[in-house]
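The block underneath contains the structure these notes are about, expressed in structure tokens.
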Amino acid sequence: MSQPSVARMYDFYLGGEHHTAADRAAGEQILRAVPNIREIARANRAFLGRAVRHLTAAGIRQFLDIGSGIPASGNVHEVAPGARVLYVDVDAEAVAYSNELLRGNDNALAVQADLAAPSDILGHPDYARLLDPDEPTALLFLSVLQFVPDEVAVPAVRTLREALPVGSYLALTHPVVPPDDARAAPIEAVYRQTNARATAPRTAGQLAALAGDYRPVEPGLTWVTHWRPAGDPGPADPVGMPMMAGVFRRDTTPAP
Ligand SMILES: C[S@@+](CC[C@H](N)C(=O)[O-])C[C@H]1O[C@@H](n2cnc3c(N)ncnc32)[C@H](O)[C@@H]1O
């Protein structure tokens, strides 16, 4: 508990109650470097809601939410009641709290697994119990891949993506802060002290590549507030809101 956890720091940004003094101290350091971090976190959650509603309208009935975190307002099963949702997080506390809230819900549960071992996710007994492997699924990577280096994230995302049938979707959000941005070094210094141990900065091109042959849904990979906004999203502002979001669809099975 003396080491800040990225799950609890995010809870702190969102105004939740599941964080310690160490998380608050680390979160305050981030607030000094990125004064609108709370707004960015809320924009990320708002995207979750819009993306899940879009996917539900497109006929998706099952979700695999990787790096689901400590439950906050507007979780996937709340936005898509009746859908089957498997939440996955490496953080035991986030998983335990999720399952506490999900008690009595037969359509959603959380399991502890590391994205680094996608076979642990696909081979988990609760995966087979909850999700039909032949039915299109939405794979969510919301604000998680920045904690996973390329050598792990690229093969892991590919394995999960390729396990899903045609008609499946992949949605992601990810900060995009260029290395020469004044915020980059302090962000890295703080996250080095957390259980994630580092961050994995990525460009828009690297994010699009993570979707592989899944094709972007309109408007493509864009700034998080600009993905199908409910109202006027304001100007596209990569400096103020350096978070990108996209939804991609699997249209075809790749040739062997
Ligand atoms: C910033 S929170 C995002 C929560 C939620 N997805 C959202 O966007 O609101 C990131 C979450 O990713 C989890 N995480 C980090 N690395 C992970 C890994 N290798 N495998 C699974 N989960 C991971 C953390 O424990 C944390 O709960």
Side-chain angles (χ1 to χ4, degrees), residues 1 3-16 18-20 23 26-27 30 34 37-52 63-79 85-99 101 108 110-122 124 127 138-157 159-160 170-175 177 187 190-192 194-200 202 207 210 224-225 227 242-247:
M1 289 305 228
Q3 183 180 46
S5 115
V6 297
R8 292 192 307 255
M9 284 169 68
Y10 185 66
D11 176 76
F12 168 71
Y13 303 149
L14 287 171
H18 292 267
H19 47 263
T20 64
D23 304 313
I30 291 292
V34 188
I37 188 71
R38 294 182 188 280
E39 200 191 327
I40 295 171
R42 285 196 299 270
N44 183 61
R45 294 295 295 182
F47 167 80
L48 181 159
R50 297 197 303 280
V52 169
F63 293 83
L64 181 57
D65 184 359
I66 311 284
S68 46
I70 293 171
S73 124
N75 298 297
V76 177
H77 70 281
E78 294 162 327
V79 182
V85 185
L86 188 64
Y87 293 109
V88 177
D89 204 287
V90 74
D91 186 315
E93 193 190 347
V95 170
Y97 182 48
S98 300
N99 281 330
L101 294 184
V111 299
Q112 187 186 6
D114 191 334
L115 171 60
S119 55
D120 287 358
I121 299 172
L122 296 170
H124 197 287
Y127 182 95
L139 184 53
L140 310 182
F141 295 105
L142 305 186
S143 194
V144 55
L145 295 174
Q146 70 267 30
F147 303 118
V148 187
D150 263 357
E151 59 271 26
V152 171
V154 169
V157 172
T159 300
L160 292 172
L170 183 159
L172 61 79
T173 59
H174 197 293
V177 180
I187 292 172
V190 174
Y191 278 103
R192 242 182 229 292
T194 67
N195 62 339
R197 289 192 295 276
T199 58
R202 290 193 176 87
L207 297 184
L210 284 168
V224 67
T225 47
W227 196 89
M243 181 78 141
M244 298 202 86
V247 175

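First listed ligand is number 1; within each ligand, the first listed atom is number 1. Residue numbers count from 1 along this sequence.
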Which atom pairs, one a donor and one an acceptor, fall under 3.5 Å between side chains of residues 112-119 and the rest of the protein, sequence neighbours left out?
unit_1, atom_1, unit_2, atom_2, d
Gln112, NE2, Val90, O, 3.0
Asp114, OD1, Ala116, N, 2.9

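- Using cut-offs of 30° and 60° for the angle between ring planes, the His19 and Phe12 rings count as perpendicular.
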Per-pair distances, ligand 1 N/O vs protein N/O, less than 3.5 Å:
unit_1, atom_1, unit_2, atom_2, d
ligand 1, 6 (N), Gly67, O, 2.7
ligand 1, 6 (N), Leu142, O, 2.8
ligand 1, 8 (O), Asn44, ND2, 2.7
ligand 1, 8 (O), Leu142, O, 3.1
ligand 1, 9 (O), Tyr10, OH, 2.7
ligand 1, 9 (O), Arg45, NH1, 2.8
ligand 1, 19 (N), Asp114, OD1, 2.8
ligand 1, 20 (N), Leu115, N, 2.9
ligand 1, 22 (N), Val90, N, 3.3
ligand 1, 25 (O), Asp89, OD1, 2.6
ligand 1, 27 (O), Asp89, OD1, 3.4
ligand 1, 27 (O), Asp89, OD2, 2.6

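- Atom CG in Leu48 sits 10.0 Å away from atom CD in Glu78 (nearest 0.5 Å).
- For Tyr10 and Asn44, the side-chain atoms include at least one donor-acceptor pair closer than 3.5 Å.
- Of all the heavy atoms in Asn75 and Tyr87, the pair that sits closest is CB-OH, 3.5 Å.
- For the pair Asp91 and Arg8, the salt-bridge criterion is not met [side-chain N within less than 4.0 Å of a carboxylate O].
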